[in-house]
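Chain letters run A, B, ... following the sequence lines, proteins first and then strands; every chain starts at 1.
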Amino acid sequence: MSRLGIAIVLMSLLIVSCGEKSPPPKQEQAKPTMEVKEPPQEVHDTSGVVNDKEMEKPVLPKEEPQPSGVPKEVTLHGELVDLVSYITWASQTPESIRKSAQAGNPIGFYDTANKKLYVVGRPQMNVAANELLLPYVGLRVFLKGKAYAKGKLNLLLMTDIGKSIK
Amino acid sequence: MRTSLIVIMLLSLGFTAVGQVKEVTMHGEIVDVIAFVSSGAKQDAATIRASATSGNPLGFHETSTGKLYLLGSPEMNKSANEMVQSYVGLRVFVKGKTYNRDGTDVVLITDIGKSIR
């Protein structure tokens, strides 16, 4: 390959990588209206009657928690992860997640549909979620509960968990 | 020439894949992540200790930026809670490497102490 060819490949790779990892905006509390929502996968119409004003509203994913910090009842599908390993990009297996959790590290939840990571807690503040989550490590699960958001950090206060068939 | 270009390419790709890892020293306080996010308020030291003892994750609230970090230990199978529990209720400095993925921040603590700043 000629030098020119190598230079072109290098430049294009650098441009792509810069575009993917542009630094996040400094203002953390972005207005909800500025957020780009992904189009919903399914829209369930339960009301039957829709007036004109409702028609104009943008359609949001059904179980997306609001960024304002107002809790929302959700049912999410995804998998359990070791939070610290996930964020530091360390490799993890069900066995390593169990080991880490038994050492006291928090198990998190990755919502595969919305591609969001959640810290998981229980509604009773002094009860840790790890014990309830441990049997479900390595499985596809659903989690029910209240979702909160502070900045970009998501929290789910779990009321139910089970094996997901979705 | 060609080899060095390839090395630069691979290094740049590697760094972007891992994200921005920074060595930092931050000043702030230890919080109970779950209570802090769900109620939006800081808890008193006794409540945070009780929550941490029951297994809930502790976090670090950097006062100058308002950022919340999950805490981790550089040794993966060790919990950070033990390291930081005695500093609950104090203004502390935390040294370590910070990571961010999907908007969530983690600091792998290498040192912690009482802050005089």
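- Side-chain heavy atoms closer than 4.5 Å link hydrophobic residues (I, L, V, M, F, W, Y) into clusters, and following such links, even through other members, never connects A:Leu80 to A:Val127.
- Side-chain atoms of A:Ser100 and B:Met76, non-hydrogen and from C-beta on, never get closer than 4.5 Å to each other.
- Side-chain atoms of A:Val119 and B:Val37, non-hydrogen and from C-beta on, never get closer than 4.5 Å to each other.
- When hydrophobic clusters are built by joining Ile, Leu, Val, Met, Phe, Trp and Tyr residues whose side-chain heavy atoms come closer than 4.5 Å, directly or via intermediates, B:Phe60 is not grouped with A:Leu153.
- Neither the backbone nor the side chain of A:Asn130 comes within less than 4.5 Å of any heavy atom of chain B.
- For the pair A:Pro106 and B:Leu70, the minimum side-chain heavy-atom distance is 4.5 Å or more.
- Annotation: maximal heavy-atom pairing with chain A below 4.5 Å, among B:Asp102, B:Asn56, B:Leu108, B:Thr104, occurs at B:Asn56.
- Summarising the geometry, atom CG belonging to A:Leu155 is positioned 12.0 Å from atom CZ belonging to B:Phe36; distances are rounded to the nearest 0.5 Å.
- Contact check for A:Leu83 versus B:Pro57: no side-chain heavy atoms found under the 4.5 Å cut-off.
- Residues B:Val94 and B:Leu90 share a single hydrophobic cluster, defined by chaining ILVMFWY side chains whose heavy atoms lie under 4.5 Å apart.
- Here the shortest heavy-atom pairing between A:Ala103 and B:Ser79 reads O-CB, 3.3 Å.
- When every heavy atom of A:Leu157 is checked against every heavy atom of B:Ile34, the shortest pair comes out as CD2-CG2, 3.6 Å.
- At a 4.5 Å heavy-atom cutoff, the contact between B:Asn77 and chain A is made by backbone and side-chain atoms alike.
- A donor-acceptor pair under 3.5 Å is absent between the side-chain atoms of B:Arg101 and the main chain of A:Thr88, judged by distance alone.
- Between chain A and the residues B:Gly55, B:Ala52, B:Ser54, the most heavy-atom pairs under 4.5 angstrom are made by B:Ser54.
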